[in-house]
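All values reported here derive from a predicted model rather than from experimental measurement. Note that these values count all heavy atoms, side chains included, but never hydrogens, waters or copies made by symmetry.
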Number of protein chains: 2
Amino acid sequence: MKVTIGNPAHKGTQENVKDHFSDNHSTNHYCPVTDVIDRISDKWSVHTIIMLGKSDKLRFGELKKGIHGISQRMLTVTLKHLERDGLLTRTVYPQIPPKVEYQLTDLGRSLLGQLVSLSEWAAENMNQVLRAREDYILKNE
Amino acid sequence: MKVTIGNPAHKGTQENVKDHFSDNHSTNHYCPVTDVIDRISDKWSVHTIIMLGKSDKLRFGELKKGIHGISQRMLTVTLKHLERDGLLTRTVYPQIPPKVEYQLTDLGRSLLGQLVSLSEWAAENMNQVLRAREDYILKNE
DNA sequence: CTGGATCCGCGATGATACTG
DNA sequence: CAGTATCATCGCGGATCCAG
């Protein structure tokens, strides 16, 4: 079987899948795939990165206002995680009232590229997914 | 909704981000990004898709054995979700003992491409992330 | 062999109140 | 403005038992 990949920049995909799979499941050692999944498994992280990808620098309040539905606490936690992982920088201006700006690092922007690619996939294929769900419901009743 | 098609790589990223951002946060309507995030936010889904991407067709037991750490229940739930969303097919062979085979659909394989790309990003950049974490720890003590 | 059904603990998350 | 601290909840996911 041959896997057809949309991104021509990567060759030998089948082997890569195998490699990553081996890394994931054959040992109990550190697994980069699991790690990155853990990072983006939190939807707030994804929304935050995409948000910063749009606007370069943003303040805490701007992020809170822009990311629909996020609580103050989760925004704080999310930003701390992303900063810890080197995906964004946190700049504090020592003034009253406080001002803090967040900005993607180069690393963060490279991940942004992946997430945009993923969101494009979502936009292109969501109709198929929705139709599959309808068929599934019809089939099981 | 307009989406820029083609190799996403890193060109034109800013504009695409803006489009998707508008879709995501400016309205309360259906959001494909949130939807796809919900799908891959579950690490078992990702592992399952990658697993199937490696081996074409797999039986329940083979998946269970291959995906390290997954429980029977979560594998069942995960497979049901993926089938419902049209990402894989479930083929039952009416025999005793039962035999069920799972296989990615074309849609599933196209998502596999995205996930492989993401895992490649993870493999290439995990060292930077790990170093950032160490620095973060050192900085905060 | 391939699940379905049930119970349940725990971590993630939201809400709220408070602070420099 | 930009958080911190605390509490309550709620759903994910593991364990277990059962069935076709």
query: Pick one: which of Thr78(B), Leu75(B), Ile70(B), Ile67(B) meets side-chain contact (heavy atoms from CB on, under 4.5 Å) with His47(B)?
result: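 Only match with His47(B) under side-chain contact (heavy atoms from CB on, under 4.5 Å): Ile67(B).
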For Trp44(B), all residues meeting side chain to side chain donor-acceptor pair (under 3.5 Å), sequence neighbours excluded: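 Here no residue qualifies.
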Test side chain to side chain donor-acceptor pair (under 3.5 Å) applied to Ser45(A) - qualifying residues, sequence neighbours left out: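 Ser45(A): side chain to side chain donor-acceptor pair (under 3.5 Å) contacts with Asp42(A).
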message: Considering every strand and a 4.0 Å limit on heavy-atom distances, what is the contact class for Tyr102(A): base, sugar-phosphate, or nothing?
response: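 Sugar-phosphate only.
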Taking only residues two or more places apart in sequence, or in another chain, which ones meet [X] in a side-chain contact (heavy atoms from CB on, under 4.5 Å)?
X         : answer
Glu134(A) : none
Arg90(B)  : Glu83(B), Val92(B), Val100(B), Tyr102(B)
Lys65(B)  : none
Leu58(A)  : Met51(A), Leu52(A), Ser55(A), Glu62(A), Leu63(A)

- line: For nucleotides 15-20 of chain C, 5' to 3', base contacts (B), sugar-phosphate-only contacts (S) and non-contacts (-) with protein non-hydrogen atoms under 4.0 Å give B-B--B
- prompt: From Leu104(B) CG over to Thr48(B) OG1, what is the distance, rounded to the nearest 0.5 angstrom?
  reply: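 Between atom CG of Leu104(B) and atom OG1 of Thr48(B) there are 9.5 Å.
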- request: Drop me the distance from Met74(B)'s CE to Gln72(B)'s CD, to the nearest 0.5 angstrom.
  value: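 The CE atom of Met74(B) sits 12.5 Å away from the CD atom of Gln72(B).
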Give the rounded distance in Å between these two atoms: [atom1] of [X] and [atom2] of [N].
X        : N      : atom1 : atom2 : value
Leu58(B) : dC1(C) : CG    : P     : 15 Å
Met74(B) : dG3(C) : CE    : P     : 15 Å
Arg59(B) : dG3(C) : CZ    : C1'   : 13 Å
Leu63(B) : dT2(C) : CG    : C1'   : 12 Å

field: Considering all heavy atoms, the nearest Gln114(B)-Ser117(A) contact
entry: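 Here Gln114(B) and Ser117(A) meet closest at OE1-OG, 2.8 Å.
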query: Closest approach of Leu112(B) and Ile49(B), non-hydrogen atoms and distance?
result: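 Heavy atoms only, the tightest pair is CD1-O, 3.8 Å.
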Those residues of residues 77-91 of chain A lying under 4.0 Å from DNA chain C by at least one heavy atom: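 The stretch gives none, as no residue of it lies under 4.0 Å from the strand.
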message: Could you work out how much the helix from dC1(C)-dG20(D) to dG20(C)-dC1(D) bends, comparing the axis of its first five pairs with that of its last five, to 10°?
response: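 Here the helix ends are tilted 50° relative to one another.
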field: With sequence neighbours excluded, residues passing salt bridge (charged side-chain N to carboxylate O under 4.0 Å, His left out) with Arg133(A)
entry: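 Only Asp35(B), Asp85(B) meet the salt bridge (charged side-chain N to carboxylate O under 4.0 Å, His left out) criterion with Arg133(A).
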Salt bridge (charged side-chain N to carboxylate O under 4.0 Å, His left out) partners for Asp106(B), two or more places apart: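 Asp106(B) satisfies salt bridge (charged side-chain N to carboxylate O under 4.0 Å, His left out) with Arg109(B) once adjacent residues are dropped.
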- request: Could you list where the contact with chain B starts and ends along DNA chain D, reading 5' to 3', using a 4.0 Å heavy-atom cut-off?
  value: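 First and last nucleotides in contact are dG13(D) to dG20(D).
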